[in-house]
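Below is one structure, written out as structure tokens; comments come after it.
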Amino acid sequence: MTPKSVLFVDSHIMFREIMIPLLEREFPGYTFITASSIKEATPLLEHHAFDLLITDISGLESPWLSMILQARDQSPGTKAIILTSEMSSFWVHRAIREGVLGIVTKTCPVSELVCAIHSVVEGGKHLSPEIAQKFMQHISYSQIGNPMNLLSPRELEIFVQIGHGRRLKSIAKELGLSPCTVAVHKHNIARKTGIITSANIARYCLEHGMLGLKPEQTLLRSPTAEPEAAAA
């Protein structure tokens with residue numbers, strides 16, 4: 001078995017202490033590095049190229065998708081597996097679209113995570129049965145023109161934050177962007193989707209299960225310097 005470097009992120013110390021010895025026995029030669037939060041994982045991602053990222057998306061104080069994007073920026077070959085207690089069909093579809101290769105529910109036995117790691121490392125995909133069902137529920141809708149498919153990751157995060165009722169100035173501060181940039185993104189969202197008002201955005205998010213995660217869990221990382229978005 002080819003040695004691999006794995007970053008395992010979960011906010012529950014008991015879960016990490018139970019899982020890592022089990023995985024080390026199943027995958028001899030693999031190096032497992034743990035982190036309890038995205039804040040703790042960020043410097044690890046900046047200084048190491050990991051073959052595999054396994055992260056729980058619940059209980060983290062920072063955005064889960066940001067970590068996946070950062071890992072991929074650092075090492076394009078990094079593969080990702082999500083652990084989740086609950087995930088809406090919308091986020092299942094979006095995670096897969098953003099390159100996540102495995103989604104495993106935390107109610108499954110350890111053997112399923114082991115199977116997922118084997119599949120993903122060997123170039124395949126793995127979805128827990130209930131996650132696969134949610135993906136199929138969503139895919140028919142996405143194929144007939146889901147307007148969310150028109151949004152970039154940055155626009156999607158702002159869309160969901162507006163859906164949570166946050167003001168543009170608050171979103172700008174959280175993302176490290178100027179209020180003008182966020183306003184331009186909102187304009188582009190309206191142009192692409194036809195959903196103009198904040199009230200209509202909130203209604204859409206509620207109706208399509210987009211608010212199943214806490215608002216801070218949907219935010220993407222903010223680059224140190226992002227150019228002002230163009231309205232065109």
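All of these numbers come straight from a predicted model, not from anything done at the bench. The residues of the chain are indexed from 1 along the displayed sequence.
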*asked:* Check this for me: Arg97, atom CZ, are more than 12 non-hydrogen atoms of other residues, nucleotides or ligands nearer than 6.0 Å?
replied: yes
*Residue pairs passing the side chain to side chain donor-acceptor pair (under 3.5 Å) test where at least one lies in residues 99-108, sequence neighbours excluded*: Asp10-Lys106, Asp56-Lys106, Thr105-Thr107
Test item: [X] and [Y] side chains (from C-beta on) under 4.5 Å apart, heavy atoms:
X: Cys205; Y: Gln161; result: no
X: Leu45; Y: Phe50; result: yes
X: Ile96; Y: Leu127; result: yes
X: Val121; Y: Asp51; result: no
X: Arg72; Y: Glu98; result: yes
X: Leu113; Y: Leu83; result: yes
X: Val114; Y: Leu23; result: yes
X: Ile117; Y: Phe27; result: yes

Does [X] share a hydrophobic cluster with [Y], counting links as ILVMFWY side-chain heavy atoms below 4.5 Å and allowing steps through other members?
X: Ile38; Y: Ile33; value: yes
X: Leu52; Y: Leu22; value: yes
X: Ile18; Y: Ile54; value: yes

*asked:* Under the rule for side-chain hydrogen bond (donor to acceptor under 3.5 Å, both in side chains), what residues qualify as partners of Thr42, not counting sequence neighbours?
replied: none
_For Gln74, side-chain hydrogen bond (donor to acceptor under 3.5 Å, both in side chains) partners two or more places apart_ = none
In Å and rounded to the nearest 0.5 Å, what is the [atom1] to [atom2] distance from [X] to [Y]?
X: Thr31; Y: Lys4; atom1: OG1; atom2: NZ; answer: 12.0 Å
X: His48; Y: Glu46; atom1: NE2; atom2: CD; answer: 10.5 Å
X: Leu151; Y: Asn188; atom1: CG; atom2: CG; answer: 9.5 Å
X: Lys125; Y: Ile81; atom1: NZ; atom2: CD1; answer: 13.0 Å

Compare every heavy atom of [Y] with every heavy atom of [X], then report the nearest pair and how far apart it is.
X: Pro129; Y: Glu112; answer: CD-OE2, 3.6 Å
X: Leu7; Y: Ala41; answer: CD2-CB, 4.1 Å
X: Thr193; Y: Pro147; answer: CG2-O, 3.9 Å

Using the side-chain contact (heavy atoms from CB on, under 4.5 Å) criterion, which residues pair with [X]? Sequence neighbours excluded.
X: Ala95; value: Trp64, Ile82, Met87, Val100, Ile103
X: Ile20; value: Phe8, Glu24, Phe32, Thr34
X: Ala183; value: Leu168
X: Ser152; value: Arg154, Glu155

Please tabulate, for the side chains in residues 195-202, all donor-acceptor contacts under 3.5 angstrom to protein atoms that are two or more places apart in sequence or on a different chain.
residue : atom : partner : partner atom : Å
Thr197  : OG1  : Asn200  : N            : 3.1
Thr197  : OG1  : Asn200  : ND2          : 3.2
Asn200  : OD1  : Arg203  : NH1          : 2.5

*Determine, step by step, whether His126 and His118 satisfy the side chain to side chain contact (heavy atoms under 4.5 Å, CB included) criterion, reporting the C-alpha distance in whole Å, the side-chain angles of both residues, the deciding distance to 0.1 Å, and the verdict.*
CA-CA 9 Å; His126 183 96; His118 279 297; over 6 Å; no
_Donor-acceptor contact below 3.5 Å, side chain Ser170 vs main chain Arg166_ = no
*Would you say Glu40's side chain and Ser36's backbone share a donor-acceptor pair under 3.5 angstrom?*
yes
_For Lys169, give me all partners under salt bridge (Lys or Arg N to Asp or Glu O under 4.0 Å), at least two apart in sequence or on another chain._
none
*asked:* For His185 together with Phe159, are the ring centres under 6.0 Å from each other?
replied: no
